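Below is one structure, written out as structure tokens; the observations come after it.
Residues: numbered from 1 along the sequence shown. This one's a predicted model, so the numbers in the text were calculated from it and none came from an experiment. Ligands are counted one by one from 1 in listed order, and the atoms in each one are counted from 1 as well.
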Amino acid sequence: MTFEAMWRDLVPVGRSATSGGYRRSPWTSLEAELRAWFAEAALARGLEVETDAIGNQVAWWRPTTPTELPAVLTGSHLDSVHDGGAFDGPLGVVSALAAVDVLRDRGFEPTRGIGVSVFTEEEGSRFGLACLGSRLVTGATTWEAVRRRQDRDGIYLDDAVSAAGLDPTGDLMSLSDVGCFVELHVEQGRDLVDRDVAVGVASEIWPHGRYRFDFTGEANHAGTTRMEDRRDPMLTYAMTALAANKQARLCDQRATFGRLEVTPNGTNAVPSHVTAWLDARCSDDASLADLVETITRQSHDRASRDGTALTVTAESVSSSVTFDPDLARSLAALGDWPVIATQAGHDAGILSAAGIATAMLFVRNPTGVSHSPDEHAETVDCLVGVEALADTLTMLAS
Ligand code: GLV
Ligand code: MN
Ligand code: MN
């Protein structure tokens, strides 16, 4: 099956008829369908498919002569953000399978194992921790630390994994024989469009984090409560969202409130509670700490004026990642590709932080829009990406 045929096969899975976006949540029937799709595509290529205790998958192309040489892993993820696009994640998985086809057509015989991987809950859209699957596999977090996390419906992670037919106490994917990891991904900005080039190589990932802001006030009647008598947590939240935007602009960094829960969420009541999630990203770890500290301080000041209370909880924090510079340089040399930084998080960042030589290839996105149904990459660029990945694997697995 060609890249285009695989893509056609995968695109309808979980696409909303109204928005055109995806809600491919981990440990749902939709993810089971995606996992089955991957296993079938891998088996059709004669690859050996392994699924671990929490649903991470890897499909192995083993060398004909057994070897002790460390393997090369390539792949991405199949889950999406809420109402996300088709490319963030799936492009890396489909391209990895297509690259295996290209290598076979070229008569390439790997001298070490090549694994095509799919990590689960990369987006952290269900349990709030980005790259949950790869964090567990690398030991960046432990099952004990995460198993009682709850999703928006109050379902615990360990119950969700079991309900998906998996045994979370079983074995996780082992990376002990993996020498390097390459993740191909749709670009999530406009760097490659501006440079007029189809493919780029990642230099670094900005540090980023998710912080839950809990604002507590007093529920009351929207009509009879005098304005000066209110303790309205929505006001504290609203000022905090403006402050976050202003502070990020002032230091040329990124801050977003993209998710909000209001209790009781009634039109004619002052709310008792507002929970809002800040996503903050900066060019270095110290700037990220400063930015979050400044927003938190301004929010506390405002809370004291509003008569509300605030608690801030860091739910998912990822430090800055610099990818292996030699590896990045050799990938770039394969096609004279530019080496560029990204503000988006990836499993590649987690594997890199775990000491595995890691690289990323980006495929041009004509508008730069991502985490949205409008996310796009032209097929012609995707095919250049597949060739670039095949060249990369040739270099790494020869
Ligand atoms: C994941 O794509 C993220 O950058 O949050
Ligand atoms: Mn994403
Ligand atoms: Mn992604």
* When you check the gap from the basic side-chain N to the acidic O, do R329 and D326 get nearer than 4.0 Å? -> yes

* Asked: Any nitrogen or oxygen of A344, main chain or side chain, under 3.5 Å from a nitrogen or oxygen of ligand 1?
  -> no

* Asked: Side chains of R135 and S318: is there a donor and an acceptor less than 3.5 Å apart?
  -> yes

* Asked: In terms of the angle between their ring planes, are F215 and Y237 parallel, tilted or perpendicular, with boundaries placed at 30° and 60°?
  -> perpendicular

* Do E4 and R8 sit within salt-bridge range, that is, some charged N less than 4.0 Å from a carboxylate O? -> no

* Asked: If you measure only the distance, is there a donor-acceptor pair under 3.5 Å linking the side chains of T358 and S352?
  -> no

* Is the shortest side-chain N to carboxylate O distance from R106 to D391 below 4.0 Å? -> yes

* Asked: Got a sec: is D88 within less than 2.8 Å of the Mn ion (ligand 3) via an N/O/S atom?
  -> yes

* Structure fact -> shortest atom 3 (C) of ligand 1-to-protein heavy-atom contact is with R281 NH2, 3.4 Å

* Can an N, O or S atom be found in H371 less than 2.8 Å away from the Mn ion (ligand 2)? -> yes

* What atoms in ligand 1 come closer than 4.0 Å to a heavy atom of G345? -> 1 (C), 2 (O), 3 (C), 4 (O)

* Structure fact -> Checking heavy atoms under 4.0 Å, the part of H371 that sits near ligand 1 is side chain

* To do: Under 4.0 Å, heavy atoms only, figure out whether ligand 1 is touched by the backbone of E123, its side chain, both or neither.
  => side chain

* Is it true that the side chains of D279 and T256 contain a donor and an acceptor less than 3.5 Å apart? -> no

* Looking at ligand 1, does any of its N/O atoms fall within less than 3.5 Å of an N/O of E122? -> no

* **Heteroatom test (N, O or S) for E123 near the Mn ion (ligand 2), limit 2.8 Å** => yes

* Asked: Looking at the Mn ion (ligand 3), is one of the N, O or S atoms of H185 less than 2.8 Å from it?
  -> yes

